[in-house]
Amino acid sequence: MIGVEGVTRRFDGGATGNAGGVVAVDDVTLSIPDGEFLIVAGANGSGKTTLVRTFNGLVTPDSGTVTVNGTPVRDDLVAARSAVGMVFQDPRDQLVAATVGADVAFGPENLGCSHAEIDRRVDDALAAVNMADREDERIASLSGGERERVAIAGALAMEPDHLVLDEPFTGLDEPARRSVLDRLRDLRAAGTSVIVVTHDLRDVLGLADRVVGLSAGRVAVDDAPRGAAAELPGLDVRVPAGFDGRSADAADTSSSP
Ligand SMILES: Nc1ncnc2c1ncn2[C@@H]1O[C@H](COP(=O)(O)OP(=O)(O)OP(=O)(O)O)[C@@H](O)[C@H]1O
């Protein structure tokens, strides 16, 4: 479980010249149980990225506490980083190796996994992003969307208790998007909490258990998808046309030819 208790994070005004700075996250309290599929939505600048980055200590709150599996993040950063996998908006921030396979293997290697276990995780993770058999390709030769898929595979290969994906679908083509969504659904079923930060609620809203909508750093919506769908337009978040709260499975069946 991830627990967020009264978390506030400010940034100074910097180049904006705003002397008072900005309160990016303002007194947020949330708890995210294991196995929950949570969407964090909200307009640009509403604090989504800042909030989720407190889950593994990439952003330190000015006040309040984040706990992961009961331990405050500030007390054990290493535990938080292994328990909370994170895929960033810009995959260039997190690709570390020269080839696809080496990049995806990097996390499991650091966890001390055996060679056989590393191979299994790399194969599984690359299959989940439609990149099986591309281990030997050089990162430098990949497209932006392919790099994004490698970044997602790298996080999947860590097999974290909680997986946070910040705008994961932006550069993905439709088959890759469906494949990643399928894997997220399986992970949730296996007890991993999945937290997706996104503006693009297509497909993913029907998969979610709950939606948290942020406005000016505060939780303005915290509801099941059907209830949230009615409230999100008020936060300038567009809800997919025709969304009626059915599960994604039901939606998939009805949209099949
Ligand atoms: N490192 C930083 N320095 C200064 N201000 C920051 C920093 N990070 C975020 N902010 C400010 O905090 C506020 C919230 O930003 P954040 O990136 O968390 O929002 P967001 O909802 O993820 O936005 P987007 O949808 O555009 O990605 C914004 O006003 C942003 O300018």
Side-chain angles (χ1 to χ4, degrees), residues 2-30 32 37-66 68 73-74 77 80-81 84-95 144-145 147-148 151-152 155 162-172 177 180 184 193-205 208 210-223 225 228-229 231-240:
I2 297 178
V4 178
E5 185 66 45
V7 163
T8 294
R9 171 65 201 221
R10 294 179 193 80
F11 291 106
D12 66 31
T16 66
N18 181 348
V22 54
V23 183
V25 173
D26 189 2
D27 195 20
V28 167
T29 294
L30 275 181
I32 307 169
F37 195 125
L38 174 74
I39 294 175
V40 179
N44 288 143
S46 56
K48 306 179 295 295
T49 295
T50 306
L51 174 65
V52 298
R53 286 186 175 213
T54 66
F55 297 175
N56 73 351
L58 281 172
V59 166
T60 308
D62 294 316
S63 54
T65 303
V66 178
V68 174
V73 172
R74 64 170 165 262
L77 210 49
R81 297 255 160 103
V84 182
M86 214 166 272
V87 182
F88 305 118
Q89 248 166 314
D90 186 345
R92 281 173 302 188
D93 289 350
Q94 66 191 119
L95 299 178
R147 286 178 202 205
E148 202 171 319
I152 293 172
H162 316 277
L163 180 62
V164 180
L165 302 109
D166 193 345
E167 297 287 0
F169 306 117
T170 321
L172 300 197
R177 179 187 171 91
V180 169
L184 297 183
S193 52
V194 176
I195 298 136
V196 174
V197 175
T198 188
H199 293 106
D200 184 355
L201 296 172
R202 250 179 329 139
D203 307 330
V204 78
L205 194 55
R210 180 175 158 212
V211 181
V212 164
L214 295 182
S215 175
R218 289 186 157 262
V219 175
V221 171
D222 186 349
D223 207 342
E231 299 174 76
L232 288 170
L235 304 185
D236 291 327
V237 176
R238 201 157 58 90
V239 172

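Atoms within each ligand, like the ligands themselves, are counted from 1 in listed order. Since the model is a prediction, treat every value here as computed from it, not as a measurement.
At least one N/O-N/O distance between Lys48 and ligand 1 falls below 3.5 Å. Some N or O of Gly47 is nearer than 3.5 Å to an N or O of ligand 1, by distance alone. Geometrically, ligand 1 and Phe11 share no nitrogen or oxygen pair separated by less than 3.5 Å.
Between the side chains of Asp166 and Thr49, at least one donor N or O sits under 3.5 Å from an acceptor N or O. No side-chain donor from either of His162 and Asn56 sits under 3.5 Å from a side-chain acceptor of the other.
The minimum heavy-atom distance between Phe55 and Val73, with the atom names listed, is O-CG2, 3.7 Å. Val211 and Ala41 make their closest contact through CG1-CB, 4.5 Å (heavy atoms, listed as atom of the first residue, atom of the second, distance). Scanning all heavy atoms of the two residues, the minimum distance from Asp236 to Ala43 falls at CB-CB, 4.4 Å.
Distances from atom 30 (C) of ligand 1 to the protein include no heavy-atom value under 4.0 Å.
The shortest contact between atom 12 (O) of ligand 1 and any protein heavy atom is with Ala24 CB, 3.3 Å. Among protein heavy atoms, atom 14 (C) of ligand 1 sits closest to Gly45 O, 3.4 Å. Residue, atom and distance of the protein heavy atom nearest to atom 27 (O) of ligand 1 are Gln89 NE2, 3.6 Å.
Counting heavy atoms only, Asn44 comes closest to atom 24 (P) of ligand 1 of the residues Asp166, Leu51, Asn44. Closest heavy-atom approach to atom 15 (O) of ligand 1 among the candidates Asp12, Thr50, Thr49: Thr50.
Ligand 1 has at least one atom lying under 4.0 Å from a heavy atom of Ala43.
The proximity of His199 to ligand 1, defined as any non-hydrogen pair under 4.0 Å, is limited to the side chain.
When each of Val212, Val40, Leu163 is checked for a side-chain contact (heavy atoms from CB on, under 4.5 Å) with Ile195, only Val40 meets the rule.
With respect to Arg210 and Asp223, no salt bridge is recorded, no charged nitrogen being found less than 4.0 Å from a carboxylate O.
Distances below 4.0 Å separate heavy atoms of Val22 from the following atoms of ligand 1: 11 (C), 29 (O).
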Go through Arg74 and Thr65 one step at a time and tell me if the side-chain hydrogen bond (donor to acceptor under 3.5 Å, both in side chains) criterion holds. CA-CA 8 Å; Arg74 64 170 165 262; Thr65 303; 3.2 Å; yes
